Amino acid sequence: GVRELVAAHGSGDQILQSLNDLLERNADLVAELQRERSKAPQWKRQVDDLTEELEAEREQRRRLEVDSAEKIKALLAARQEVMEHKTVSAATSHRADEQRKLQGHLIQLLEREVAEGDAVVRRMRDALFASDAEIAALHEQVVDEDRRRVVAEDELRAFQEASEETNR
């Protein structure tokens, strides 16, 4: 084997040099392999740490997704409630507007009735004053008639007395 190598590759010194180079290179590769093997647990720890971190991130994301889904549900429920309150408020506001209009109409009717009542009271008062004036005038006539009657009675008595004296 060595003779064939020597014949194929030249002198023994060259082969020894190549062999030494190969052995040195092999030793370097073995040392490098050992270093890499010694780093393997560190790399495995880093991979395990990254895997744990990734799992923690996934769990956090899952919790956030659940939390955000719950918040979205709560937001939708709140939005629905706001819409219902707006609908109720609009209906209440509409009813209040209608009630205000109705109250305004009723107030106008009552004011009209009060004005009509005032007019009736004024006419009745005027009629009462006129009636009082008529009663006063009639009373005056009665008083005048009573005076005339008294005067007539006095004249009649005086006439009767005069007539009786004349007859005597």
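Remember, predicted model here, so these are calculated numbers, not experimental data.
- The closest side-chain heavy-atom distance from Val120 to Glu116 is not below 4.5 Å.
- For the atom pair Glu134 CD and Leu128 CG, the distance stands at 11.0 Å (nearest 0.5 Å).
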Evaluate the side chain to side chain contact (heavy atoms under 4.5 Å, CB included) criterion for residues Val82 and His85: first the C-alpha distance (whole Å), next the side-chain angles of each, then the deciding distance (0.1 Å), finally the verdict. CA-CA 5 Å; Val82 165; His85 284 303; 5.7 Å; no
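- With hydrogens and angles disregarded, a donor-acceptor distance shorter than 3.5 Å links the side chain of Ser38 to the backbone of Arg35.
- In the displayed structure, Arg63 atom CZ is contacted under 6.0 Å by more than 12 heavy atoms of other residues, nucleotides or ligands.
- Counted within 6.0 Å of CZ on Arg148, heavy atoms from surrounding residues, nucleotides or ligands total more than 12; the atom is thus considered enclosed.
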Derivation and outcome, salt bridge (charged side-chain N to carboxylate O under 4.0 Å, His left out), residues Arg157 and Asp154: CA-CA 5 Å; Arg157 221 182 349 268; Asp154 286 348; 2.6 Å; yes
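- Taken to the nearest 0.5 Å, the CG atom of Asp126 stands 12.0 Å off from the OG atom of Ser131.
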Given Glu153 and Arg149, is the salt bridge (charged side-chain N to carboxylate O under 4.0 Å, His left out) satisfied, shown in steps? CA-CA 6 Å; Glu153 284 176 356; Arg149 181 187 53 78; 2.8 Å; yes
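- Going from atom CD1 of Ile15 over to atom CD of Gln17 covers 12.0 Å, rounded to the nearest 0.5 Å.
- Sorted by first and then second residue, the pairs that involve residues 64-83 and meet salt bridge (Lys or Arg N to Asp or Glu O under 4.0 Å), not counting sequence neighbours, are Arg61-Glu65, Asp67-Lys71.
- For the atom pair Gln80 CD and Leu75 CG, the distance stands at 12.0 Å (nearest 0.5 Å).
- The structure places CG of Asn20 at 10.5 Å from CG of Asp13, a figure rounded to the nearest 0.5 Å.
- Once rounded to the nearest 0.5 Å, the distance linking CG of Asp28 with CG of Leu23 reads 11.0 Å.
- Asp48 is not listed as a side-chain neighbour of Arg45, based on a closest heavy-atom distance of 4.5 Å or more.
- The pair Arg95-Glu98 fails the salt-bridge criterion, with no side-chain N (NZ, NE, NH1 or NH2) lying under 4.0 Å from an Asp/Glu carboxylate O.
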